[in-house]
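Comments concern the structure below.
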Protein chains: 2
Amino acid sequence: MKRPTLEAVAARAGVSKSSVSRVVNGQATVTPEIRELVMRAVKELGYVPNPAARSLVTQRTDAIAVIVSDPPAGLVSDDPMFSMVVRAASRELEAAGKQVVLMLAGSPESHRRVERFVSAGHVDGVMLVSMHGADPLPAVLARLDLPMVSHGRLGVPVDVPYADNDNLGGAAQAVRHLLEQGRRRIATIAGPLDMTASQDRLTAYRETLRDTGRRSIVAIGDFTRISGVEAMRQLLQDDPALDAVFAANDLMAIGALRTLREAGRRVPDDVAVVGYDDIEASLYSDPPLTTVRSPMGDQAAATARLLLGLLEGGPAEPVILPAELVVRESA
Amino acid sequence: MKRPTLEAVAARAGVSKSSVSRVVNGQATVTPEIRELVMRAVKELGYVPNPAARSLVTQRTDAIAVIVSDPPAGLVSDDPMFSMVVRAASRELEAAGKQVVLMLAGSPESHRRVERFVSAGHVDGVMLVSMHGADPLPAVLARLDLPMVSHGRLGVPVDVPYADNDNLGGAAQAVRHLLEQGRRRIATIAGPLDMTASQDRLTAYRETLRDTGRRSIVAIGDFTRISGVEAMRQLLQDDPALDAVFAANDLMAIGALRTLREAGRRVPDDVAVVGYDDIEASLYSDPPLTTVRSPMGDQAAATARLLLGLLEGGPAEPVILPAELVVRESA
DNA sequence: CTGAAAGCGCTTACAG
DNA sequence: CTGAAAGCGCTTACAG
């Protein structure tokens, strides 16, 4: 049984295809009687417009590509970021009647696929998620001249509107909290340095310490738990006497906690730990994590709304959400 | 600048549109010279086929809807399941040249959206993820007569092929491990009972205990950490002397660990804890979790491959992946 | 092997 | 307000 077409509905209702189209698309200029006739025929036939046909003439797709940078295989993780951001963005986009096409951009091969896909006109707009600064994709896509936004500021000189949280302010709060506790040797575990969030959090750490005469003690991770484990080992080796650590995200803080436990250091007595993000897991670590709340869901929703605004010809002002320290037991 | 069309390429190459179409679609019946001419024109013009036009005539979309049941707002969680499953499925599908349209199915409203979307012919196939037994969506979609698979067996009498893990066998291993340790009072925290995975894990728990003369001690959770916290409290109240608990997933086990810590019980000395799933977080709990490994990524990939097979007219045999106990420190 | 033509199912000026 | 007609950009029998 083939699906009914506009033409079938028109025949059934005894009106022209034009009228059916107008009714289906909710145009005002239709007599109530005709509208009634059409509505009934639509219902009886179970008519649903063919999106390909519609899109062919309107040149719109009502689809949005959500492009998430994916680490090369092997580095699979259950990244809570992915879940929260993709979910929140999907909700926002779906509520606006857009469909979400999810694309993982990891390998060079997938980059080509994404580029082809977007340039084929499959989507009306693009939302970038957790792009690394070194990634050439944003620049390539920018040339396609489609509405595009980024979840988090980009590290490349491409003018893409974004929603972000106040990384500088949030990290500064974390470090000040440690200072107020009288901690003397405050280390940090930075995130991947090709991401702006990592850069900003590290910058704030350094600047907040500078005025106090303390020196920076830095190890670099990549936002995964295991990198937190290793970075913490490195820090302990670099300065066995450290008494505090600010991790650039909660996952690494959780890794650091494991290392500290294995090293026999008590948290927060011997070493205070502060994370960043306030993911749900931070409530379940032992001890529960003091962290900086920067609701990724809200940020993702804001990014999605920015794109929706752009699609309607709205402004492209970046949005910065506030970040707030949440004190629990680890510091 | 409008995007070039097939026609423009034909004009440039000095051949017919038919020939261009054949070359672009890789049909064999084309002279090398013509192919060469067309290839060059395609390159020079930067031609990319219009998917809407193509889809209109072929009646295919090369798109797959991945439908994930989403809890009503408020119940947002950073569910590692979502991340692992969606990622793994996307990789598999994208590698096969399919695009992934992600749809969240929570509210009745979103159900209607999903139904409309699928019946409009937007996609060639459907992959269901973590459907609850009470959910009417699978039955509704089944009527649309599209290739459809489910990540995990469905709880409704709808014949949808699936990939699952050996829930019965995995849970039995977990409980036997506890028995072998000589545990006397073994409780369980079950998952939501309208999901087949929960049902099977609970059934295996009961049956494994039955032969030993021990009685069942059951609390019900919903696969979230907080539900594990609460279920564990309930359990402790029901039987203060319990000495082991099998949680139907790791998230709830992690919640249970928190309750036990707060209650001053040592794990595993006083109470042994076993989880299920072997998510990455189970390596970071204190103590690290003994659990059942059932790689969700593999299961998702298997589900995706099942759908790809179906699209090619392949068989629809369910796939059951083995589950294996991973002994760490919590039991 | 190649090309002219029909047709996929819509929307949208344009007349009336 | 309504309808006939053109056209969106492809693919695919059908002749030659």
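Excluded from the calculations below are hydrogen atoms, water molecules and symmetry mates; all remaining heavy atoms, backbone and side chain alike, are included. Chain naming here is simple, since letters A, B, ... match the order of the sequence lines and numbering starts at 1 in each.
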### Summary
On a heavy-atom basis, the closest approach of A:Ala301 and A:Ala88 is N-CB, 4.4 Å

### Message
With a strict under 4.0 Å distance from non-hydrogen atoms of chain B, what nucleotide opens and what nucleotide closes the contacted stretch of DNA chain D, reading 5' to 3'?
### Response
D:dG9 to D:dA13

#### Entry: Partner of B:Pro49 by side-chain contact (heavy atoms from CB on, under 4.5 Å), out of B:Leu6, B:Val24, B:Val20
B:Val24

### Query
Around atom CD of A:Glu7, are there more than 12 heavy atoms of other residues, nucleotides or ligands at under 6.0 Å?
no

### Task
Could you check B:Gln59 against B:Thr31 and say which one's nearest nucleotide on DNA chain C is further toward the 5' end?
B:Thr31

### Query
With a non-hydrogen cut-off below 4.0 angstrom, is A:Ser19 in contact with a base, only sugar-phosphate, or nothing?
sugar-phosphate

#### Entry: Complementary nucleotide of C:dA15, counting Watson-Crick and G-U pairs under 3.5 Å
D:dT2

### Query
What does B:Thr5 touch in the nucleic acid at a heavy-atom separation under 4.0 angstrom: a base, only the sugar-phosphate, or nothing?
sugar-phosphate

### Task
Quick one: closest heavy-atom pair of A:Val114 and A:Ala105, and the distance?
CG2-CB, 4.4 Å

### Upstream residue (5' side of DNA chain C) when B:Gly14 and A:Asn50 are each assigned their closest nucleotide
B:Gly14

### 5′-ward residue of the pair B:Leu56/B:Ser18 relative to DNA chain D
B:Leu56

### Task
Over 60° means perpendicular and under 30° means parallel, so classify the ring planes of B:His122 and B:Phe117, tilted if in between.
parallel

### Query
So, the side chain of B:Glu94 versus the backbone of B:Val100: is there a donor-acceptor pair under 3.5 Å, distance only?
no

